[in-house]
Amino acid sequence: FKYFMQWESSYNGKGEPTDAQIAEAIASVQRQDNRLTVPEYTVDKNSEAYKEYEASMEVKHMQGGKVMRLSQPQQIMASERKILEEAYAGDIIGVFDPGIFSIGDTLCMPKEQFCYEGIPTFAPEHFARVRQVDTMKRKQFVKGITQIAQEGAIQIFQEFNTGMEEIIVGVVGVLQFDVLKYRLENEYNVEIKLENLPYEHIRWIENKDVDLDRLIGTSDMKKIKDLKGNPLLLFVNAWSVGMTLDRNEGLILSEFGRG
């Protein structure tokens, strides 16, 4: 909780919200009846006479670089939902997501250039290959596992040079695998099989021009990518990280961290 209080007031150097402007940080993602709502924390740092949020006002989604209109804002209280016409700094509201929001994204006024610092992502320590039992339910499987990943409950990766045919799930604790299995079966009617993998270490590849086909690794290394296509490496042993760096001059690896 203390971290999120600090994060709420942090900036990443890409400008500041000016007087009478609105900045919103997407704090969590929830789904009800197959609809996505995004609770947001609306704040104004520099003005006591802050500008109010109005229904259908235009905002800029900084991560996507697009100006959009927020429709049907809702006040969220337990299981109740109430349509709002206006809101003020400090209010928590929910808006429908067209499929582009992620936890930690920033929404601000269209003319502003401002981003909150990313929320830290804990490095997964346990990995498993996930497959659906019934191949006819592929669509539900991909939809369910993607949505659960967007909520932050799990992290999903793909085999290098493949699509969603092979999905690798990473979690901090093994009980999250049970949560994933339960939710897919009960919320998406999809039964899955989990194949535990021996990997324990994950690294980002910082080099933008790296050719993964020519990367010289170790026998216990696996090349993967996240859903945005960013390349990563999995290792069974920590010493393999250093050996891979020695074998590939100029290669830059970083630990899993901020999103």
Side-chain angles (χ1 to χ4, degrees), residues 26-40 61 63-64 94-105 118-205 212 221-236 255-259:
I26 296 174
S28 64
V29 178
Q30 300 175 347
R31 287 173 178 80
Q32 300 289 340
D33 301 326
N34 295 323
R35 297 179 303 171
L36 179 64
T37 62
V38 183
E40 298 167 356
H61 179 225
Q63 280 69 21
V95 297
F96 287 103
D97 175 30
I100 63 174
F101 294 151
S102 296
I103 296 175
D105 285 3
I119 297 176
T121 302
F122 294 104
E125 299 177 3
H126 307 276
F127 299 88
R129 183 176 287 108
V130 183
R131 299 186 179 93
Q132 79 273 20
V133 175
D134 186 351
T135 57
M136 299 298 292
K137 294 184 177 181
R138 183 66 184 174
K139 185 176 181 180
Q140 297 100 303
F141 169 69
V142 173
K143 177 182 178 181
I145 201 167
T146 301
Q147 289 184 345
I148 294 172
Q150 288 176 343
E151 295 173 14
I154 61 172
Q155 296 173 58
I156 58 176
F157 309 96
Q158 300 168 237
E159 297 270 3
F160 178 61
N161 280 338
T162 67
M164 294 293 281
E165 295 83 7
E166 291 286 346
I167 294 180
I168 294 176
V169 173
V171 298
V172 177
V174 292
L175 288 180
Q176 289 173 277
F177 288 135
D178 296 331
V179 173
L180 172 64
K181 190 173 187 295
Y182 177 85
R183 291 193 59 186
L184 285 175
E185 290 179 356
N186 290 272
E187 296 179 24
Y188 300 92
N189 195 28
V190 176
E191 186 179 353
I192 62 170
K193 288 184 177 180
L194 290 166
E195 177 190 347
N196 291 325
L197 299 174
Y199 307 104
E200 297 182 2
H201 308 277
I202 184 170
R203 294 291 187 273
W204 292 103
I205 298 179
L212 261 65
M221 185 191 80
K222 176 178 283 293
K223 304 171 186 177
I224 60 172
K225 59 184 178 181
D226 63 15
L227 292 184
K228 295 181 180 179
N230 299 313
L232 301 98
L233 299 176
L234 292 178
F235 300 91
V236 174
E255 294 187 8
F256 215 78
R258 291 188 184 274

Sequence-distant partners of [X], side chain to side chain contact (heavy atoms under 4.5 Å, CB included), two or more places apart:
{"X": "Asp226", "value": "Phe157, Trp204, Lys228, Asn230, Leu232"}
{"X": "Lys181", "value": "Glu185, Ile192"}
{"X": "Val172", "value": "Phe122, Gln176"}
{"X": "Asn189", "value": "Lys137"}

Taking C-beta and beyond as the side chain, do [X] and [Y] meet within less than 4.5 Å on heavy atoms?
{"X": "Lys193", "Y": "Val133", "answer": "yes"}
{"X": "Gln158", "Y": "Leu227", "answer": "yes"}
{"X": "Pro124", "Y": "Val171", "answer": "no"}
{"X": "Ile202", "Y": "Phe235", "answer": "no"}

**Request:** For the pair Glu195 and Arg131, evaluate side chain to side chain contact (heavy atoms under 4.5 Å, CB included) and give the outcome as yes or no after the intermediate values.
**Result:** CA-CA 8 Å; Glu195 177 190 347; Arg131 299 186 179 93; 3.3 Å; yes
**Prompt:** At what distance, to the nearest 0.5 angstrom, does CD1 of Ile154 lie from CD1 of Ile167?
**Reply:** 8.5 Å
**Message:** For the CG atom of Leu233 and the CZ atom of Arg203, what is their distance to the nearest 0.5 Å?
**Reply:**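 Output value for this atom pair is 10.0 Å.
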**Prompt:** Val169 and Phe177: side chain to side chain contact (heavy atoms under 4.5 Å, CB included), yes or no, with the steps?
**Reply:** CA-CA 8 Å; Val169 173; Phe177 288 135; 4.0 Å; yes
**Prompt:** How far apart are the C-alpha atoms of Ile224 and Ile168, what are their side-chain angles, what is the distance that settles it, and do they pass the side chain to side chain contact (heavy atoms under 4.5 Å, CB included) test?
**Reply:** CA-CA 9 Å; Ile224 60 172; Ile168 294 176; 4.0 Å; yes
**Prompt:** Is Lys223 salt-bridged to Glu159, cutoff N-O under 4.0 Å?
**Reply:** no
**Message:** Going by side-chain hydrogen bond (donor to acceptor under 3.5 Å, both in side chains), name the residues that satisfy it together with Gln155, two or more places apart in sequence or in a different chain.
**Reply:**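 Applying side-chain hydrogen bond (donor to acceptor under 3.5 Å, both in side chains) to Gln155 gives none.
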**Prompt:** Excluding sequence neighbours, so at least two apart, what forms side-chain hydrogen bond (donor to acceptor under 3.5 Å, both in side chains) with Arg183?
**Reply:**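 Scan of Arg183 (side-chain hydrogen bond (donor to acceptor under 3.5 Å, both in side chains), adjacent residues dropped) gives Glu151, Glu187.
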**Complete:** Result for side chain to side chain contact (heavy atoms under 4.5 Å, CB included) between Tyr188 and one of Val142, Ile145, Ile148 points to Ile148
**Request:** Output, in order, the C-alpha distance, side-chain angles, deciding distance and verdict of side chain to side chain contact (heavy atoms under 4.5 Å, CB included) for Glu125 and Val174.
**Result:** CA-CA 9 Å; Glu125 299 177 3; Val174 292; over 6 Å; no
